[in-house]
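All remarks here apply to the structure that follows.
First the proteins, then the strands, lettered A, B, ... as listed; each starts at 1.
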2 protein chains.
Amino acid sequence: MSDKPYVAYETPVQSGRFAAGEDPAKREQILDGAKRVFMTVGFDAASMNDITREAGVSKGTIYVYFDGKDDLFRALMERERGNIARSMQDVLDGQTDAAEGLQRFAAAFAARIMREDTISAMRTMIGVVPRMPKLSKRFFNADSLNVRTVLEDFIRRQVAEDKLAVDDVSMAARQFIDLSTGTFFKLRLFGDLSEAPDQQEIDAVVSAAVRVFMAAYGRKSQ
Amino acid sequence: MSDKPYVAYETPVQSGRFAAGEDPAKREQILDGAKRVFMTVGFDAASMNDITREAGVSKGTIYVYFDGKDDLFRALMERERGNIARSMQDVLDGQTDAAEGLQRFAAAFAARIMREDTISAMRTMIGVVPRMPKLSKRFFNADSLNVRTVLEDFIRRQVAEDKLAVDDVSMAARQFIDLSTGTFFKLRLFGDLSEAPDQQEIDAVVSAAVRVFMAAYGRKSQ
DNA sequence: GAGCAATCGAACCGATCGGTTCGAAAAGGT
DNA sequence: ACCTTTTCGAACCGATCGGTTCGATTGCTC
């Protein structure tokens with residue numbers, strides 16, 4: 001069995017009496033501590049002793065909640081993936097204008113993807129890609145698929161309303177994401193930019209990206 | 001002293017009699033073995049025993065050539081960085097036409113940056129960014145700066161010849177790199193694409209990128 | 001307050017880690 | 001063939017690793 005039976009609660013509530021290994025608050029406490037260690041030094045250099053200290057629990061307790069280091073890491077990355085995906089769900093609600101919608105989408109998306117949490121998680125995941133292909137595939141796929149689907153739907157609506165002329169929606173969506181977030185994202189990932197850029201900087205890059213995108217795909221007749 | 005004195009030779013020549021730790025062929029042998037381990041399992045999970053076996057030398061010999069695991073890793077990443085940078089030096093020699101030059105540049109750049117060597121090295125480096133900020137900064141800066149400089153010069157020349165209309169050359173260069181390589185690069189990095197795409201696939205994506213770029217920056221009068 | 005169970009924390013285990021040591025073997029030069 | 005030096009490879013060292021054990025402490029329920 002690769003995971004302890006875990007009954008999902010929406011939010012950690014006030015601790016009551018739970019069976020051993022079933023307390024959601026204690027589970028979150030362990031994951032929070034583990035996150036601080038894994039995201040700083042990566043999977044291999046993170047020791048269970050360090051995580052024990054950081055989480056403020058007993059090592060034995062960690063092993064009651066998780067099957068081992070691998071399981072703890074997997075649970076953490078799943079949680080982080082869920083958090084990232086959740087934070088990007090409603091970026092394009094209610095948008096009707098092409099350029100404005102794209103601007104809003106990219107500005108929001110860029111801000112989220114540049115956050116320290118997101119960058120750290122991705123870096124840590126990238127570090128173990130060859131050894132944990134399934135976990136990493138799951139981590140990156142779920143995230144990017146969700147966001148790109150949202151953008152693709154938006155582009156299709158704009159095409160249907162004759163505001164954009166796009167043959168290959170999938171490619172256009174990818175191009176726009178790369179145009180609007182590619183540079184800063186790489187700078188963050190590679191450690192060249194140690195803090196997320198402020199909203200003004202993001203907006204400037206996104207505006208330039210929208211301009212390029214609209215030049216290529218925008219309908220000239222307005 | 002952070003490195004053994006090392007006299008650089010251009011190519012490992014036929015071994016003669018070298019002082020201990022000075023044989024370039026032996027040094028390369030160690031680095032090759034180390035590369036195969038580091039690039040597979042990352043810095044921390046790579047053990048000196050594994051590297052000893054993989055390199056086919058004695059552990060004591062490794063310590064004659066390098067000061068320790070950190071030093072060996074640093075030397076390897078420096079070597080790899082140099083190899084990557086060297087492989088991208090003449091991507092834009094002799095190009096005069098804007099669209100054609102961009103197509104050639106991006107096709108060549110994309111092919112190089114998708115290679116397993118490059119991707120592995122980047123992944124391994126990303127995995128230790130927070131712990132080795134100087135080394136990683138050096139690794140990523142030298143590489144991307146060199147290529148972008150080449151592209152920026154090219155764009156400036158096209159602007160001077162009235163073939164492109166670009167206000168911010170630096171941003172335009174970044175946009176083009178992201179447009180033409182961003183998607184596949186991320187897929188490779190995240191492990192979604194386990195092999196480098198073939199030249200045809202690359203060309204298709206690059207062509208679409210050139211079209212978008214020229215739509216935004218190309219001079220209409222031809 | 002009593003009873004029960006979750007958690008604590010210290011000790012333990014076998015394995016592996018990075019790095020060191022040194023006699024034996026191998027390699028190169030004369 | 002001899003001599004010198006480099007390298008080998010096995011053993012060693014103290015430290016740390018992930019995981020296990022278990023009496024003591026704590027917290028919750030009745």
Problem - Residue-phosphate contact under 4.0 Å: A:Tyr65 side-chain N/O, C:dA6 OP1/OP2 - result: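 So the side-chain polar atoms of A:Tyr65 never come under 4.0 Å of the phosphate oxygens OP1 or OP2 of C:dA6.
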
Practice task
Would you please classify the geometry between the A:Phe105 ring and the A:Phe109 ring as parallel, tilted or perpendicular, with 30° and 60° separating the classes?
Solution key: parallel

Practice task
Quick one: list whatever passes side chain to side chain contact (heavy atoms under 4.5 Å, CB included) with B:Asp70, sequence neighbours left out.
Solution key: B:Phe43

Ionic contact status for [Y] with [X], cut-off 4.0 Å:
{"X": "B:Asp153", "Y": "B:Arg156", "result": "yes"}
{"X": "A:Lys69", "Y": "A:Asp44", "result": "no"}
{"X": "B:Arg79", "Y": "B:Asp32", "result": "yes"}

Exercise for the section: Mind listing the residues from residues 34-59 of chain A sitting with a heavy atom below 4.0 Å of DNA chain C? Number order is fine. Expected result: A:Gly56, A:Val57, A:Ser58

Nearest listed nucleotide, side chain of [X], among [options]:
{"X": "B:Tyr63", "options": "D:dG19, C:dT7, C:dT20", "value": "C:dT20"}
{"X": "B:Lys26", "options": "D:dC8, D:dG19, C:dT7", "value": "D:dC8"}
{"X": "B:Lys69", "options": "D:dT7, C:dG18, C:dT7", "value": "C:dG18"}

Gap between atoms [atom1] and [atom2], on [X] and [N] respectively (whole Å):
{"X": "A:Ile30", "N": "C:dT7", "atom1": "CD1", "atom2": "C1'", "answer": "10 Å"}
{"X": "A:Phe18", "N": "C:dC4", "atom1": "CZ", "atom2": "C1'", "answer": "17 Å"}
{"X": "A:Asp67", "N": "D:dG19", "atom1": "CG", "atom2": "P", "answer": "9 Å"}
{"X": "A:Asp71", "N": "D:dG18", "atom1": "CG", "atom2": "P", "answer": "15 Å"}
{"X": "B:Gln29", "N": "D:dT7", "atom1": "CD", "atom2": "P", "answer": "10 Å"}
{"X": "B:Ile62", "N": "C:dT21", "atom1": "CD1", "atom2": "C1'", "answer": "16 Å"}

Exercise for the section: May I ask you to test the B:Glu195-B:Glu116 pair for a side-chain heavy-atom distance under 4.5 Å? Expected result: no

